Visitor: 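Questions regarding the structure given below will be posed in turn.
Remember, it's a predicted structure, so these values are computed and weren't measured experimentally.
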2 protein chains.
Amino acid sequence: MKVTGKRSDCPIGCSLDVWGDKWTLLIIRDLMEANGRTYGDFLKSPERIATNILASRLQALEENQLVVKLEHPDSKAKVLYKLTQKGIDLLPIMVEINLWAEKYFTIPEDRKAMLEEVKKDKDGFIKKMTKHLIASNEN
Amino acid sequence: MKVTGKRSDCPIGCSLDVWGDKWTLLIIRDLMEANGRTYGDFLKSPERIATNILASRLQALEENQLVVKLEHPDSKAKVLYKLTQKGIDLLPIMVEINLWAEKYFTIPEDRKAMLEEVKKDKDGFIKKMTKHLIASNEN
DNA sequence: TTTTGCACTTGCAATTTGCAAGCAAAGGTA
DNA sequence: TACCTTTGCTTGCAAATTGCAAGTGCAAAA
């Protein structure tokens, strides 16, 4: 998919630049699992994103301020990618996608366990996770 | 974007066949606004989907049972596309996407009005809309 | 019987993807 | 200090996908 496009082009009222494709979703999912990842971390994901695609998607995410690029505390050679507030705010969408996927597909056990918690108290879960993600940005 | 791919390839635990891209989202959005649309109706959407892309996306949606193809009551030359229950169940995701978009972008006035209702009672809104969509499938 | 409308299909150039290889800067090791 | 490794990309290229325009076949209207 072309990752360019005007805001008016997008069926959901915001640019596809921002919302993105499968690989964009993968990056966001990974960052929600552990906010603060290196380029190499993304490459290690089981979905095997190609390095040029990863670079282009990270650039688009940064340009759209869903993600920020920070210095890694361990080394100047490394880079830390983190979700911004705008990126963290995608959490409710990710939760709903997962609830839908659980209803119609077989999903991994660990994700199922997480969804049990969601089903007990969705708002509580989202608040807790959001807080957690914000906190991981502050050190 | 390739609309093929194995379930295991998808970052959210379900095939991208099913979730799809920008154009897939557009089709689903249109069907949620008015369930029961013809091929030509989709082509008339302001986003200007190309006819070959529309055909390929509708086929994928049908294969994945998010959408069904029915006879049009008015004419044999026409086709009616409708959301299935599986498609209707994407509503909570669409709602969250719209809430997010409203927070970070300028969205059309009519959509804003709808979101006011959502913000008052999200669960109520989703139940009402779901009922409405299911009802439109029964005649 | 001709024309129009509708739902696609086809052909083709341009763009994007996916894979492999390359590369520069930083860090570690001898 | 010289040399290898790690890290974060970039580049080249074949194959796949998109976007545009034109065409096709069937149904209904005129």
Visitor: Can A/Asp41 and A/Lys44 be counted as an ion pair, charged N to O under 4.0 angstrom?
Guide: yes
Visitor: Could you give the CG-to-P distance, from A/Asp41 to D/dT6, as a whole number of Å?
Guide: 15 Å
Visitor: Tell me the interatomic distance from A/His72, atom NE2, to D/dG8, atom P, rounded to whole angstroms.
Guide: 8 Å
Visitor: Salt-bridged, A/Glu116 to A/Arg111, with N to O below 4.0 Å?
Guide: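 Salt bridge flag = no for A/Arg111 with A/Glu116.
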Visitor: Base, sugar-phosphate, or nothing: which does B/Tyr81 touch, judged by heavy atoms less than 4.0 Å apart?
Guide: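 Since only primed, P, OP1 and OP2 atoms lie under 4.0 Å of B/Tyr81, the category is sugar-phosphate.
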Visitor: Whole Å only: how far is the CG atom of B/Leu61 from the P atom of C/dC8?
Guide: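 Whole-Å distance recorded here is 13 Å.
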Visitor: Is it the case that more than 12 heavy atoms not belonging to A/Gln65 sit under 6.0 Å from its CD atom?
Guide: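 For A/Gln65, atom CD is not crowded (no more than 12 foreign heavy atoms under 6.0 Å).
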Visitor: Below the 4.0 Å mark, does D/dT18 have OP1 or OP2 next to a side-chain nitrogen or oxygen of B/Trp23?
Guide: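 Negative; the distance criterion is not met.
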Visitor: Tell me the interatomic distance from B/Lys44, atom NZ, to C/dC8, atom P, rounded to whole angstroms.
Guide: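 Going from NZ in B/Lys44 over to P in C/dC8 covers 14 Å.
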Visitor: Across nucleotides 21-30 of chain D, 5' to 3', mark each nucleotide with B, S or - according to how protein heavy atoms within less than 4.0 Å reach it.
Guide: -B----SS--
Visitor: Charged N to carboxylate O below 4.0 Å: is that the case for A/Lys122 and A/Glu117?
Guide: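 Result for this pair is no, no salt bridge flagged.
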Visitor: Salt bridge between A/Arg57 and A/Glu62, side-chain N to carboxylate O under 4.0 Å?
Guide: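 No, A/Arg57 and A/Glu62 are not salt-bridged.
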Visitor: Between A/Arg48 (CZ) and C/dT17 (P), how many Å, whole number?
Guide: 19 Å
Visitor: For C/dC8 and B/Lys69 - does any side-chain N or O of the residue sit under 4.0 Å from the phosphate oxygens OP1/OP2?
Guide: yes
Visitor: Going by atom types alone, do B/Tyr104 and A/Asp89 pair a side-chain donor with an acceptor below 3.5 Å?
Guide: yes
Visitor: Using whole Å, report how far CD of A/Glu71 lies from C1' of C/dG27.
Guide: 16 Å
Visitor: Tell me the interatomic distance from B/Arg37, atom CZ, to C/dA7, atom C1', rounded to whole angstroms.
Guide: 16 Å
Visitor: Could you give the CG-to-P distance, from B/Leu26 to D/dT18, as a whole number of Å?
Guide: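 Rounding to the nearest Å, CG of B/Leu26 and P of D/dT18 are 14 Å apart.
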Visitor: Can you identify which nucleotide, out of C/dC6, C/dT17, D/dC9, has its nearest atom closest to the A/Arg57 side chain?
Guide: C/dT17
Visitor: Among D/dG19, C/dC19, D/dG8, find the nucleotide with the atom closest to the side chain of A/Ala50.
Guide: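 So the side chain of A/Ala50 is nearest to C/dC19.
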Visitor: If you check the A/Ile53 side chain, which of C/dA7, D/dG19, C/dG18 turns out closest?
Guide: C/dG18
Visitor: Given A/Leu61 and A/Ile27, is the side-chain contact (heavy atoms from CB on, under 4.5 Å) satisfied, shown in steps?
Guide: CA-CA 9 Å; A/Leu61 283 167; A/Ile27 292 168; 3.7 Å; yes
